Each structure stands twice: as structure tokens, then as C-alpha cells.
There are 2 protein chains.
Amino acid sequence: MPEFMHDGQLFQSPVELALHLIGGKWKMPVLWRLNQRTWRYNELHRDLKRVSHKMLTQQLRELEHAGLLTRTVHPVVPPHVDYTITELGRTALPAIEALRSWGSAYRSAVSRFEPRNTD
Amino acid sequence: MPEFMHDGQLFQSPVELALHLIGGKWKMPVLWRLNQRTWRYNELHRDLKRVSHKMLTQQLRELEHAGLLTRTVHPVVPPHVDYTITELGRTALPAIEALRSWGSAYRSAVSRFEPRNTD
DNA sequence: CAGGATCCTAGGCGATACTG
DNA sequence: CAGTATCGCCTAGGATCCTG
């Protein structure tokens, strides 16, 4: 398993690359939403409740840079920008789904031992 | 998609939980290795080249806390500690494999546009 | 050999204010 | 509405030293 460079950074494995590309806290949730339809900036901002303006913008930029989504600016006033997933971005969905599904299964597996909150 | 608590923290989705559990920089690489056999601490430390002592220890503790691996201390001198994946830990492997496979596919998809280093 | 404890710094990230 | 810029906190995490 040889090391390799991508975008000026050194990686030891494809997993490490994948986490770099979509492992950020908000990237999978964003791609997941974009799978259904095109979203506007503020829609995402509202729906991902605890994300800060700065973080969301930054992660959207990184996803765009990675070619996983497309940013479209409509030249109207007030500004209107929306984000669409690319074909390349769609290829990440099975992996995201696998994580989502595992997280869900883990939760029910563990809840059998940790009693649920009843108060 | 309701929010839920796990281990004292608030999560918005199963994906977020999954990233919390195994999204750390070294966790998937560790689990991936443990799938093949039991490893000793120093073996992991050597094999994950750029991990620091502190980080590796911390992430192993978190994986243990999450029930994904087992830490076994052999009472000999010098100390001998090894790490084994649990059944619960094995359930994460398909998700890790999905990410690994996507990272690999992404890399070859992108390399068609970005010329490889020839110098 | 495994890992705890301590110190210390870079930079991740939130809050805020400003632009087109 | 969407995005940039700036400031400053605070903590993630590396380096180092010490134990059984």
C-alpha cells in the first residue's frame, strides 16, 4: 500500500484520501441533501442547524474544489446561489449510505445495553 | 430525521454518529488492520507511520470505549498489550471498505484530468 | 514495551462587521 | 442573499519526560 500525493498532500491509503475529501463534519450531510435536489445556500444553512456561516462556506468551497458539487450564481438581486451535486459527487453516495447505515445499526446494537432515557 | 443523544453528545444523523465513532484520522486504518489479525501497540505505531504516540493511544481508547476493539494486557515484563477487533467492530468493515473503494475510484477518475508527475 | 502526565504552540473555528 | 475579511479564543495535538 504505497503512499501517494493528491493536491499537494501526502496520503497513505485511499481511506485517508476519502476522509480528507468528504470526512469533514458537514460534507457528507451536504452531499446527502444535494442528492435529492439542488439547494440554495441559506436552505443548507438552516437545515444543518449547528453549522456556522464560515464553516459551511469553507466546506462548500472544498467540495467544489474536489469536483463533487457545482456552484451556480444567478446574476439577480438579491443574489441567488445554488449548489448541485456532480456525477463525480454521486459516486460518493454509496459510501455515505454505508456509513449512514452502519451508524444506524450501531446505535440500535448499543441501545440494547444502554437503557434509553425515560425521563 | 430527529436529533438524538449518544454518550452525552447530540447528533443530527446516523452519519454524524458514524463519523464521530470511526471518522478520526487513524481509526479506520486501525480497524482495517485489526481485521486481519491481532496487533500489538508498537506494530500499529510503526505501521501507521505519521501517527504520534499520544494520538494513537487516544484513538485506541476511543475505539475501545465504543466497543469496537478489545485491549488485552498480558502480565509479563516487559509489558505486552494487543488489540483485537470485536464483533461489533467487524460490522464497520463494509462501510470502511466502501470509503476505501470510493477513495481509490476517485483517485483514478481525477488522474485522468490532472497529468501525473513525470519529473 | 505500553502508556500516563505535562507543557506549549499553531491554527481551527466562532463571532462580528463589511461588500456587492 | 451570499460571501469575504478580520480578530481572538481555545483546544487539538506534538514533543518530552516519567512510571510499572
Side-chain angles (χ1 to χ4, degrees), chain A residues 7-12 16 19-31 33-34 37-66 68-85, chain B residues 7-12 16 19-31 33-34 37-66 68-85:
Chain A
D7 211 27
Q9 270 211 260
L10 187 63
F11 295 95
Q12 250 191 73
E16 210 185 322
L19 284 176
H20 173 77
L21 291 169
I22 58 176
K25 192 165 179 186
W26 305 101
K27 292 180 181 179
M28 291 192 192
V30 163
L31 288 178
R33 281 165 178 73
L34 292 188
R37 58 177 178 88
T38 290
W39 286 60
R40 295 187 54 168
Y41 176 86
N42 263 358
E43 289 183 298
L44 290 170
H45 196 11
R46 258 191 307 274
D47 207 56
L48 304 166
K49 297 199 169 49
R50 288 164 299 159
V51 70
S52 76
H53 179 43
K54 180 177 174 179
M55 262 304 95
L56 181 55
T57 303
Q58 175 185 317
Q59 306 238 334
L60 286 170
R61 287 293 171 283
E62 291 176 15
L63 286 170
E64 186 189 8
H65 178 79
L68 302 177
L69 57 75
T70 303
R71 178 169 173 267
T72 309
V73 183
H74 302 271
V76 296
V77 34
H80 180 129
V81 177
D82 47 35
Y83 294 91
T84 308
I85 196 169
Chain B
D7 211 29
Q9 271 210 258
L10 188 63
F11 295 95
Q12 249 190 76
E16 211 184 320
L19 283 177
H20 174 76
L21 292 169
I22 56 175
K25 193 165 179 187
W26 305 102
K27 293 181 179 177
M28 291 193 192
V30 163
L31 289 177
R33 281 164 177 74
L34 292 188
R37 58 176 177 88
T38 290
W39 287 59
R40 296 187 53 169
Y41 176 85
N42 262 0
E43 289 183 297
L44 290 169
H45 197 9
R46 259 192 306 274
D47 208 54
L48 305 166
K49 297 199 168 51
R50 285 164 301 158
V51 70
S52 76
H53 175 45
K54 180 175 175 179
M55 262 304 96
L56 180 55
T57 303
Q58 175 185 316
Q59 306 237 334
L60 285 171
R61 287 293 170 285
E62 292 177 13
L63 287 170
E64 186 189 7
H65 179 78
L68 303 177
L69 58 74
T70 303
R71 178 170 174 266
T72 309
V73 183
H74 301 272
V76 296
V77 36
H80 180 126
V81 178
D82 48 34
Y83 294 90
T84 309
I85 196 169

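Chain naming here is simple, since letters A, B, ... match the order of the sequence lines and numbering starts at 1 in each. As a basis for the values below, the full set of heavy atoms in this structure was taken, side chains included, without hydrogen atoms, waters or symmetry mates. What you are looking at is a predicted structure, and each value in this text was computed from that prediction instead of being measured.
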Quiz item: Base, sugar-phosphate, or nothing: which does B:Arg71 touch, judged by heavy atoms less than 4.0 Å apart?
Solution: sugar-phosphate
Exercise. For A:Arg50, report the nucleic acid contact type (base, sugar-phosphate, nothing); a contact means any heavy atom under 4.0 Å.
Key: nothing
Self-check item: Distance-only donor-acceptor test (3.5 Å): side chain B:His53, base C:dG3
Solution: yes
Exercise. Let me know which of A:Leu44, A:Val73, A:Thr72, A:Leu34 forms a side chain to side chain contact (heavy atoms under 4.5 Å, CB included) with A:Asp82.
Key: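 Answer after filtering A:Leu44, A:Val73, A:Thr72, A:Leu34: A:Thr72.
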Without decimals, in angstroms, what is the distance between [X] [atom1] and [N] [atom2]?
X       : N      : atom1 : atom2 : result
A:Tyr83 : D:dA2  : OH    : P     : 8 Å
B:Arg46 : C:dC1  : CZ    : C1'   : 10 Å
A:Gln59 : D:dA2  : CD    : P     : 18 Å
A:Leu60 : D:dA2  : CG    : P     : 11 Å
A:Lys27 : C:dG12 : NZ    : C1'   : 13 Å
B:Lys54 : D:dT11 : NZ    : P     : 13 Å
A:Leu56 : C:dG12 : CG    : P     : 18 Å
A:Leu48 : C:dG14 : CG    : C1'   : 16 Å

Quiz item: Below 4.5 Å, heavy atoms only, C-beta onward: do A:Asp47 and A:Arg33 meet side chain to side chain?
Solution: yes
Practice problem: Ignoring hydrogens and angles, state whether a donor on the side chain of B:His65 or B:Asp7 is under 3.5 Å from an acceptor on the partner side chain. | Solution: yes
Self-check item: Donor + acceptor pair across side chains of B:Thr38, B:Thr84 (<3.5 Å)
Solution: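 B:Thr38 vs B:Thr84: donor-acceptor pair found between side chains.
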Nearest to the [X] side chain among [options], which nucleotide is it?
X       : options              : value
B:Gln58 : D:dG13, D:dT4, C:dG3 : D:dG13
A:Met55 : C:dC13, D:dC1, C:dA2 : C:dC13
B:Thr57 : D:dA2, C:dG4, D:dG14 : C:dG4
B:Val81 : C:dA2, D:dG3, D:dC1  : C:dA2
A:Asn42 : C:dA2, D:dG20, D:dC1 : D:dC1

Quiz prompt | Sidechain-backbone polar pair: B:Glu43 side chain, B:Trp39 backbone, donor-acceptor under 3.5 Å | solution = no
Quiz prompt | Heavy-atom pair with the smallest gap, counting every atom of A:Val51 and A:His45 | solution =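 Smallest interatomic distance, heavy atoms only, reads O-CE1, 3.2 Å.
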Quiz item: Which class fits the ring pair B:Tyr83 and B:Tyr41: parallel under 30°, tilted 30 to 60°, perpendicular over 60°?
Solution: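 The arrangement is tilted - the two ring planes meet at 30° to 60°.
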Self-check item: Reported CZ-to-NZ distance for the pair A:Arg50 and A:Lys25, which is rounded to 0.5 angstrom
Solution: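 Interatomic distance, A:Arg50 CZ to A:Lys25 NZ, rounded to 0.5 Å: 6.0 Å.
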Quiz item: Does B:Tyr41 put a side-chain nitrogen or oxygen below 4.0 Å from OP1 or OP2 of C:dG4?
Solution: no
Practice problem: Please determine if a side-chain N or O atom of A:Arg40 lies less than 4.0 Å away from the OP1 or OP2 oxygen of D:dC1. | Solution: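 Checking D:dC1 against A:Arg40, no side-chain N or O comes under 4.0 Å of OP1 or OP2.
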Quiz item: Bend angle of the helix from C:dC1-D:dG20 to C:dG20-D:dC1 from five-pair axes at both ends, rounded to 10°?
Solution: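 That helix has its two terminal axes inclined by roughly 40°.
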